[in-house]
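Take a look at the structure below.
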There are 2 protein chains.
Amino acid sequence: MSEEPRTSRIQRQVVQLILDRRLTAGAPLPTEAELMESLGVSRNSVREALKALQALDIVEIRHGYGTYVGQASLTPLVDGLTFRTLARHDDDTGALDEILQVREVLEVGLIRRVAATVTEAELGKLEDVVTRMESAGGTGRSFPELDREFHEVLYASLGNDLVPQLLAAFWTVFRRVSGARGRPDDPSPEITVRRHRDIVDALRARDAEGAQRAMAVHFRGIEARAAQESRGVG
Amino acid sequence: MSEEPRTSRIQRQVVQLILDRRLTAGAPLPTEAELMESLGVSRNSVREALKALQALDIVEIRHGYGTYVGQASLTPLVDGLTFRTLARHDDDTGALDEILQVREVLEVGLIRRVAATVTEAELGKLEDVVTRMESAGGTGRSFPELDREFHEVLYASLGNDLVPQLLAAFWTVFRRVSGARGRPDDPSPEITVRRHRDIVDALRARDAEGAQRAMAVHFRGIEARAAQESRGVG
DNA sequence: TAGCATTTGTGCGTATGTATT
DNA sequence: CAATACATACGCACAAATGCT
């Protein structure tokens, strides 16, 4: 006759409340006291349910202020993948390779669509990022944030909000885990800059095939770095 | 002076404990009492932290039995995407289209690799699934589970565990949300069976291009259905 | 079958910390 | 600076589920 756990039920009820009231991200939720009143449960149960929803970024709890509808970002995916990857104590590099492969398939497949939809303004932004990469590379510094920005701007034109968030999630996991293992610095910034410029050039020429090839080459470089790293070369 | 919230710290500590002790999925964790003892916090704090980790499928809590290391599945992604999609009250179909587009790019890109790595045994399994689709379709019933199984078997040969889990997650969200909106039954099962058989045939012929084309056609069908559905046709 | 020990689930009261007004 | 509203944390007691004797 196993009853549904109280906490699970409360979670569903809170989610349903958000949906029913058509609340959007940032909208205030009932206070804990109001929830325990309306749902007829104790404060502990309410809090445990809210904590679970917070972990999913479905609600956001601000200390001393209130509870609000969350952004429903892909933070849980990042946390989960990071844990998965770090918890695989056997083949250390395997989990990272898997993430990288998914990123590659996505980006190589999407770049074709980008070539058809990208605007002049966006091409300008991309060139701007590459230019900034050049100046950063000239000083010998690496530029992880610029790389991230490049790929984010790249897929903005698709009108698919999920795509850049998903790629950003994979990117973050890759960087985070890679960094936790003591990764080597990005080798030869000039080459990395060149790879990105090749992509922009192909896009400007509306050369979908060329853009795909350039993106694939870009990933070959990343994979080579990852393989090198897994052999303990720093 | 803002201190880090107690619950967040405990979460990190529990995760670190799992990593430090090299615990794998299913391994027992310290009891709540032991955790409050070793971490020097109250039971409520421990429980709230564990609830958050449970939402991420990093731990699994069994009533009256104990707490265990979780599977770190993509369940949080499914929950999050489901919420995201249901919470977009403006353009109802948009969020589903986004998921579908990601699925399409992934599958069309991956099928090429599958064509190179798939074994005879796996081709046999795929044909078996299609055969079962045929019998199910003959009785007029739809076969969502068989469709899921087909795509799962399809990408098993890549040796990338993340891929089938990711695709299954998208598939589940799509089905769940689609169903919550009162979707129409799969139209003409014969056509759906045919589309799947085309994919297997191309794979057996090691025709990567053909497989890609067949997969793309398969998705065109799904998209058409989704569009029809968004117009309220049922 | 019954009973017991262990472990998680739920509820309540209270004190403290924090942000807004 | 004070008051208010709210979340955070703690401790205890009891309920419920599970496994084992």
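Lettering of chains follows the sequences in order, A, B, ..., and the numbering in each one begins at 1.
- In this view, Arg132(B) and Asp128(B), Val129(B), Leu146(B), Glu149(B) satisfy the side-chain contact (heavy atoms from CB on, under 4.5 Å) rule, not counting sequence neighbours.
- Note on ring orientation: taking the six-membered ring where Trp is involved, the planes of Phe219(B) and His151(B) are perpendicular (angle over 60°, cut-offs 30° and 60°).
- Every pair passing ring-ring contact (aromatic ring centres under 6.0 Å, His included) that includes a residue from residues 45-67 of chain A is listed here, sequence neighbours excluded: Tyr65(A)-Tyr68(A).
- No donor-acceptor contact under 3.5 angstrom links the side chains of Gln71(B) and Asp57(B), judged on distance only.
- Arg43(B) and Glu37(B) are not joined by a salt bridge, as no carboxylate oxygen comes within less than 4.0 angstrom of a charged side-chain nitrogen.
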Check: When every nucleotide of nucleotides 5-12 of chain C is labelled 5' to 3' by its protein contacts under 4.0 Å (heavy atoms), B for base, S for sugar-phosphate only, - for none, what sequence of letters results?
Finding: --BBBBBB

